[in-house]
Amino acid sequence: MPIVPMLLSRRLRASPYEQRVLEQGVQVFTLYNKMTLPIVFDDMESDREHLCEHVQIWDVAAERQVEIVGRDALQLVELISPRDVSRCDIGQCMYAPLCDENGGVINDPIVLRLAKDRFWLSIADSDVLLWVKGVAYGRGFDVDVFEPDVSPLGLQGPKADNLVADVVGEHTRDIKFFRFIETTIAGTDVLLARSGWSGQGGFEVYLQDSNKGLDLWDVFWEAGQKYNIRSGGPNFIERVESGLKSYGSDMTISSDPFEAGLEKFMNLDKPAEYMSRDALAKIAKTGPKKRLVNLIIGGDKLDSPRNTWKVLDASDDEVGIVTTQVYSPKFAANIAFAIVDADYSSVGTTLTVDADGEKRAVIVHDTQWQGSA
Ligand code: THG
């Protein structure tokens with residue numbers, strides 16, 4: 001896998017945890033919301049193994065927040081998402097796709113409701129702030145929309161519960177999935193949510209003062225020694241095994257949310273106005289033209305996550321593209337996500353991919369990777 005160095009200039013925005021991440025010997029960063037996002041420390045496979053057994057501390061400050069606050073805040077969040085955000089309690093997180101007037105997916109954030117009229121969109125990698133500001137201005141809404149000084153820190157893995165209970169208190173074991181509390185850790189006010197971009201469970205701590213980043217890190221790092229804590233990051237192998245899709249790779253503004261498999265996170269009949277209503281109603285009737293599917297790719301172990309391979313039918317016509325691909329030690333197989341024409345999306349469909357000139361057999365698999373081990 002080719003690894004290229006990145007120059008950490010001021011233009012590439014720094015995380016408040018960066019000093020620790022560098023001290024911990026980060027091997028690979030990716031770029032996310034114009035920030036560095038550390039993703040590999042030891043190597044992808046051993047990072048994955050450790051994540052599934054212990055607890056890791058993740059610098060996910062690049063998951064930026066877009067704050068929407070003011071009298072019309074709910075109306076604005078409703079307008080930009082097909083999910084019924086009016087049902088989101090204060091203290092609740094909701095995974096809610098943002099869709100434009102054509103039904104295109106703008107982003108797939110976690111929405112946090114901090115107060116009746118105050119929300120954070122915890123965004124994936126696309127420019128949400130400017131779009132939301134434009135919508136708010138165009139509609140004359142009474143809201144402020146801005147990027148607050150908030151930097152999430154992830155604690156992921158099976159021992160995250162014990163670690164957070166030790167640091168914050170036993171009551172944190174009762175925080176339900178996608179709920180958060182307000183608390184103080186290392187002398188700084190944070191939100192503590194049960195969430196995170198792995199299938200291994202854990203928490204996300206939303207730091208609200210970047211001057212306190214290293215203090216917050218150190219508290220968990222020291223308390224985590226007895227749990228064999230290590231630095232980590234969203235793991236490319238584990239996330240595909242767990243079925244987590246990444247905006248920019250597995251869906252883009254050209255995807256509709258049906259194609260992207262986000263039906264579960266939409267309420268097309270919600271009472272509030274939303275700008276994608278007509279477009280999504282149309283697609284709901286005909287069904288999407290394409291679908292994001294799981295694929296098993298035959299042949300040698302894959303060693304590059306770059307996603308440019310075409311999916312071909314029996315006559316070598318292009319019927320899709322691979323969006324993410326990786327070798328999974330757990331399933332002893334090359335596992336992948338691909339966007340294919342809906343006609344070729346049912347489980348068991350056999351196709352091929354053009355793997356940089358080499359043809360490989362592929363099969364559409366179910367979304368849980370059942371029976372692939
Ligand atoms: N945490 C925070 N912000 C984020 C992410 C995160 N912003 C960017 C990106 N990740 C947003 N995308 C997702 C996608 C999936 C999930 C979370 C954020 C997720 N999905 C669960 C699943 O698919 O199993 C469950 C979703 C649900 O049931 O509501 O967790 O990770 N702060």
Side-chain angles (χ1 to χ4, degrees), residues 15 17 30-35 37-39 51 56-67 80-85 87-89 91-99 105-114 119-129 132 147-148 150-157 160 175-181 190-208 232-236 238-252 255 257 260-267 292 294 323-324 337 366-369:
S15 151
Y17 313 115
T30 189
L31 189 64
Y32 201 90
N33 285 321
K34 303 174 179 74
M35 290 181 71
L37 172 58
I39 50 163
L51 168 64
Q56 291 186 346
I57 185 166
W58 292 8
D59 170 3
V60 282
E63 294 166 352
R64 301 315 286 169
Q65 311 304 301
V66 173
E67 178 160 338
I80 59 178
S81 176
R83 185 144 191 192
D84 188 350
V85 188
R87 289 194 221 160
C88 188
D89 296 330
Q92 188 182 346
C93 311
M94 254 191 185
Y95 181 45
L98 306 183
C99 295
V105 181
I106 294 276
N107 199 283
D108 68 331
I110 296 178
V111 174
L112 292 88
R113 191 169 199 173
L114 294 123
F119 297 86
W120 284 347
L121 311 179
S122 184
I123 63 170
D125 184 18
S126 77
D127 293 324
V128 173
L129 177 67
V132 177
E147 183 179 300
V150 172
S151 301
L153 180 70
L155 298 159
Q156 295 288 298
I175 300 174
K176 296 207 171 68
F177 185 61
F178 268 42
R179 295 275 168 169
F180 66 84
I181 61 165
V190 298
L191 303 191
L192 175 67
R194 190 181 288 281
S195 56
W197 214 60
S198 84
Q200 307 310 312
F203 291 88
E204 290 179 302
V205 187
Y206 291 77
L207 172 72
Q208 300 178 69
N235 184 276
F236 203 82
E238 194 277 341
R239 74 104 166 162
V240 183
E241 292 170 345
S242 295
L244 290 164
K245 313 298 175 351
S246 182
Y247 188 85
S249 286
D250 306 310
M251 65 189 109
T252 68
S255 315
L262 298 171
E263 290 98 327
K264 271 198 299 194
F265 308 108
M266 300 195 282
N267 312 87
L292 183 57
N294 287 24
T323 62
T324 294
F337 300 134
D366 79 53
T367 55
Q368 307 298 311
W369 304 114

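Counting convention: from 1, in listed order, for ligands and their atoms alike.
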Dump the intermediate steps for side chain to side chain contact (heavy atoms under 4.5 Å, CB included) on Phe203 and Ile175, then the final yes or no.
CA-CA 10 Å; Phe203 291 88; Ile175 300 174; 4.1 Å; yes
Nearest heavy-atom neighbours spanning Tyr247 and Ser126
CE2-CB, 3.5 Å
So, Asn294 and Thr367: side-chain donor and acceptor under 3.5 Å apart, yes or no?
no
Restricting to non-hydrogen atoms, name the atom on Ser122 and the atom on Leu112 that form the minimum distance, rounded to 0.1 Å.
CB-CD1, 4.0 Å
Does any N or O atom in Glu204 lie less than 3.5 angstrom from one in ligand 1, N or O only?
yes
Which atoms of ligand 1 are found less than 4.0 Å from any heavy atom of Ala124?
7 (N), 8 (C)
re atom 13 (C) of ligand 1, the protein heavy-atom contact at minimum distance is Tyr95 CE1, 3.5 Å
Distance-only N or O hit between ligand 1 and Arg83, under 3.5 Å
no
Atom 30 (O) of ligand 1: nearest protein contact (heavy atom, Å):
Phe178 CZ, 3.6 Å
Location of contacts on Val60 toward ligand 1, heavy atoms closer than 4.0 Å:
neither
Using side-chain heavy atoms (C-beta onward) and a distance below 4.5 Å, is Gln200 in contact with Gln56?
no
Under a 4.0 angstrom heavy-atom cut-off, which atoms of ligand 1 come close to Ile123?
7 (N), 8 (C)
Any idea which protein heavy atom is nearest atom 9 (C) of ligand 1, and the distance to it?
Tyr32 OH, 3.9 Å
Applying a strict 4.0 Å limit to heavy atoms, is Tyr247 in contact with ligand 1?
no
With the threshold set at under 4.0 angstrom, would you say Trp58 reaches ligand 1 through any of its heavy atoms?
no
Heavy atom of the protein closest to atom 20 (N) of ligand 1 (residue, atom name, distance):
Leu244 CD2, 3.9 Å
At what distance is the nearest protein heavy atom to atom 17 (C) of ligand 1, and which residue and atom is it?
Ile110 CD1, 3.7 Å
Can you tell me which residue and heavy atom of the protein come closest to atom 31 (O) of ligand 1, and the distance to 0.1 Å?
Trp197 CB, 3.3 Å
Does some side-chain heavy atom of Pro148 sit less than 4.5 Å from a side-chain heavy atom of Gln208?
no
Please round to the nearest 0.5 Å and tell me the distance separating atom CG of Leu51 and atom CH2 of Trp58.
5.5 Å
Kindly confirm or rule out an N or O of Tyr206 lying under 3.5 angstrom from an N or O of ligand 1.
yes
For atom 1 (N) of ligand 1, is the nearest protein heavy atom closer than 4.0 Å?
yes
Do Arg239's NZ or CZ and the ring of Phe236 fall within the cation-pi criteria of under 6.0 Å and 45°?
yes
Got the closest protein heavy atom to atom 11 (C) of ligand 1, with its distance?
Asp108 O, 3.1 Å
Name the closest protein heavy atom to atom 5 (C) of ligand 1, giving the residue it belongs to and the distance to 0.1 Å.
Glu63 OE2, 3.4 Å
In terms of ring plane angle, is the pair Tyr95 and Phe265 parallel, tilted or perpendicular, where the classes change at 30° and 60°?
perpendicular
For the pair Ser198 and Asn235, evaluate side chain to side chain contact (heavy atoms under 4.5 Å, CB included) and give the outcome as yes or no after the intermediate values.
CA-CA 8 Å; Ser198 84; Asn235 184 276; over 6 Å; no
Counting C-beta onward and ignoring hydrogens, is there a side-chain heavy-atom pair between Asp108 and Leu98 closer than 4.5 Å?
no
For ligand 1, note which part of Ser122 has a heavy atom under 4.0 Å away: side chain, backbone, both or neither.
both
